[in-house]
There are 2 protein chains.
Amino acid sequence: MDAEASQTRGRPNLAAVAALAGVSASTASLAFSGAGPVSEATRAKVLAAAKKLDYAGPDPRAQSLRRGRSGVVGVVIEDRLRDAFRDPINVAMLDGIADALGAESLGLLLLTDTGEGGADISLAPMDGVILIGCSTELDRPVRAFRQRGIPIVAIEAEPMEGVLAIDLDNRDATAHGARHLQNLGHTAVGLVTLPLEGSRQRGELEPHRIAASRAHTTLERIRGARDVFPDASGVVAGGSSVEDGLVAGRDLLSRTPRPTAIIAQSDLLALGVIRAAEELGLSVPDDLSVLGFDGVRIEGAAPHELTTLVQPAVDKGRAAGGAVIALLNGDRPEPSRFTSQLRIGTTTAPAPSSAAPSSGSA
Amino acid sequence: MDAEASQTRGRPNLAAVAALAGVSASTASLAFSGAGPVSEATRAKVLAAAKKLDYAGPDPRAQSLRRGRSGVVGVVIEDRLRDAFRDPINVAMLDGIADALGAESLGLLLLTDTGEGGADISLAPMDGVILIGCSTELDRPVRAFRQRGIPIVAIEAEPMEGVLAIDLDNRDATAHGARHLQNLGHTAVGLVTLPLEGSRQRGELEPHRIAASRAHTTLERIRGARDVFPDASGVVAGGSSVEDGLVAGRDLLSRTPRPTAIIAQSDLLALGVIRAAEELGLSVPDDLSVLGFDGVRIEGAAPHELTTLVQPAVDKGRAAGGAVIALLNGDRPEPSRFTSQLRIGTTTAPAPSSAAPSSGSA
DNA sequence: GACAGAGGTCGAATCGATTCGATCGATTCG
DNA sequence: CGAATCGATCGAATCGATTCGACCTCTGTC
């Protein structure tokens, strides 16, 4: 009677299965989870009852509540997926994250930070969260996560209370790359930076914009460049894509005096700059040296081999995933910091002698 | 006393907030959800109590259980993220899905089908699921989802009971493209296909492999090609990347007689084939015509403009997302079918006259 | 033969919120 | 002035499982 009642009413639950198997709900639970001693005969009975009732196993939603864990880790990405995934560096990081999470069979919940637009992030059931490339101001969500007691890991974010940082030597690495250009004799160096604001507005790299910005990675890389070239000016790109680099490159290269080297904050931007140079009939690296950042393999870079700062993106992602897991286990993992390596390719060369201006108002 | 007790014991819950505000839990719930009439004064009291207790709002896990909805939709992707996201077509689809889901503020849970390896997919709390590019046999997960009453939408999968299909005219489109080659006078046409099995084994395109395969998209596109060139042979690539296309191209182009045209099942593969041709000193399209599939913008395709079959990837994704939403709303949406368009670029041209063999044993 | 211990099973409390129906007071209409 | 109505609030049941402690029944040992 009881069993039948539960049987007819919608989808079966553990109680219905237990009733049909002639055991208590607690025993049935044990039979499924495997935790605790259950005789083989009983387990078989329960499993048979489950099959008869077409029961798929304990409801994950109920488990989430009871265990206080949903088995899901959120990954917050700035802006639209379309834009984020266009840059292989993000894909690489995500892959590292997925790698670490998958090993603990944790799900990966993709959250896009739409700023004010959509509903609050953090309304989904998750056990931890990884902030990736979060240049925008997401203080509010972070506060919400903290209130919920949800561990937070941030990749390349400005230091925040209660947020475990996975960092990259953005400033030092860029400075290192800049010094390479300096050693080649370059003095007129232009910058093509990643966005400074969540609005991703492209335009001149101006002091007041820098002052107002909270885009950690962008800022650090600017600082690194200016550690070597204090007066370097430049432009802010509208994103990290070849297209954005092309636009920025056209802008910078049409100025007088024209820079002999450009430090781009991503490989995609660097590629765009190279295209802009080609458009203008400039030869890379003879007329223009170009330095990138990331060191990911990009289809279509040929015939150039980009001089760039290679960062361990997958490892970074894996570290972030591992850190969340550690936090969930109650450990107190140390923040980590990764280093990038300068890989010298074919896009940097000695500065052209000033005796040979290829064009301009002479 | 009661309030204080709840206060000290770990994280605050709705009951604690209600107690502090001097109202019942039900009223507090109403104050947060906005459903039902609550006086402004009461709402303010509750909110004040919440702030004092540092309460972040109702626990999503508990809401999931009670409402029977978690606000999360799973997206199952074949294989590793690294590989999947390398192909822009997947990113485009995902973007469309995210677009549709985001509008209803549904989360997007990324699940990779590791086959037998990891823990069961479907153990995460989700309301619906989208299968994307699921060439492998995931009958078992599908059955589990169905048992749970979770709506299933599949993009380009073989028809399955209880699974809503979002389809593409893979066969007709490929046939259309093949006819274009036929009209150009090509008769020796080679195929470079996507993987046939979950194992992604590359190799010769052999009848027994085709017979054993369940890779819907791959099979349909093969059929389309053979509708026009019944005897076309070819090779199976190990994935959808330029690298895989390069390998496949080298193989096909070193055969005798050498094909004068190659039908690749993705743009990335087509690009790889073009590279292989360049390696061998063949000119595209003069010596070899290449047809792609997808029509996504790929960096580095220059100087060629790929002749390809343009599919509405973002729309497909959006349709899939919309379908899940409709199913969740209890509607009975129709399966949809999208069509691709042949875009003629600069990689196809009339077959070289047989009087001018560029190399070979003459 | 009795007792300790282990294996197996069960009851009941709990996780944190939502929601339906009932209650109570105030306002308005006849 | 009484009754109907509406708004605000509360109680209690419910969602589906997990888990702790209690209980019972064997088995092995002294």
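Scope of the values below: all heavy atoms of this structure, side chains included, with no hydrogens, waters or symmetry mates. Convention: sequence-line order gives letters A, B, ...; per-chain numbering from 1.
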Is there side-chain contact between V17(B) and V46(B), with at least one heavy-atom pair below 4.5 Å? yes
Flag, side chain of R148(A) to backbone of R11(B), donor-acceptor distance under 3.5 Å: no
Nearest heavy-atom neighbours spanning I77(B) and A84(B): CG2-CB, 3.5 Å
Counting only Watson-Crick and G-U wobble pairs with both atom distances below 3.5 Å, the stems of 3 or more consecutive pairs that include DNA chain C are C:1-30 with D:1-30
Does the side chain of D99(A) come within less than 4.5 Å of V314(A)'s, by heavy atoms? no
Do T27(A) and S24(A) get their side chains close enough for a donor-acceptor pair, meaning under 3.5 Å? yes
Compare every heavy atom of G57(A) with every heavy atom of F32(A), then report the nearest pair and how far apart it is. CE2-CA, 4.3 Å
Sub-4.0 Å heavy-atom contacts from residues 36-47 of chain B onto DNA chain C, ordered by number: none
What pairs with D83(B) under salt bridge (charged side-chain N to carboxylate O under 4.0 Å, His left out), at least two apart in sequence or on another chain? none
Using distance only, find each side-chain donor-acceptor pair of residues 319-335 of chain B under 3.5 Å and give its atom names and separation, not counting sequence neighbours.
unit_1	atom_1	unit_2	atom_2	d
N329(B)	ND2	I325(B)	O	3.4

Under 3.5 Å, is there a donor-acceptor pair linking the side chains of S39(B) and T42(B)? yes
Scan the side chains in residues 125-132 of chain A for donor-acceptor partners under 3.5 Å anywhere in the protein, sequence neighbours excluded, and list what turns up.
unit_1	atom_1	unit_2	atom_2	d
D127(A)	OD1	S70(A)	N	2.8
D127(A)	OD1	S70(A)	OG	3.1
D127(A)	OD1	R61(B)	NH1	3.0
D127(A)	OD2	S70(A)	N	3.1
D127(A)	OD2	G71(A)	N	2.7

So which protein N/O to nucleotides 16-23 of chain C N/O distances come out below 3.5 Å?
unit_1	atom_1	unit_2	atom_2	d
dA17(C)	OP1	Y55(B)	OH	2.3
dA17(C)	OP1	D59(B)	N	3.2
dA17(C)	OP2	L14(B)	N	2.2
dT18(C)	OP1	Q63(B)	NE2	2.8
dT18(C)	OP2	S29(B)	OG	2.6
dT18(C)	O2	R66(B)	NH1	2.2

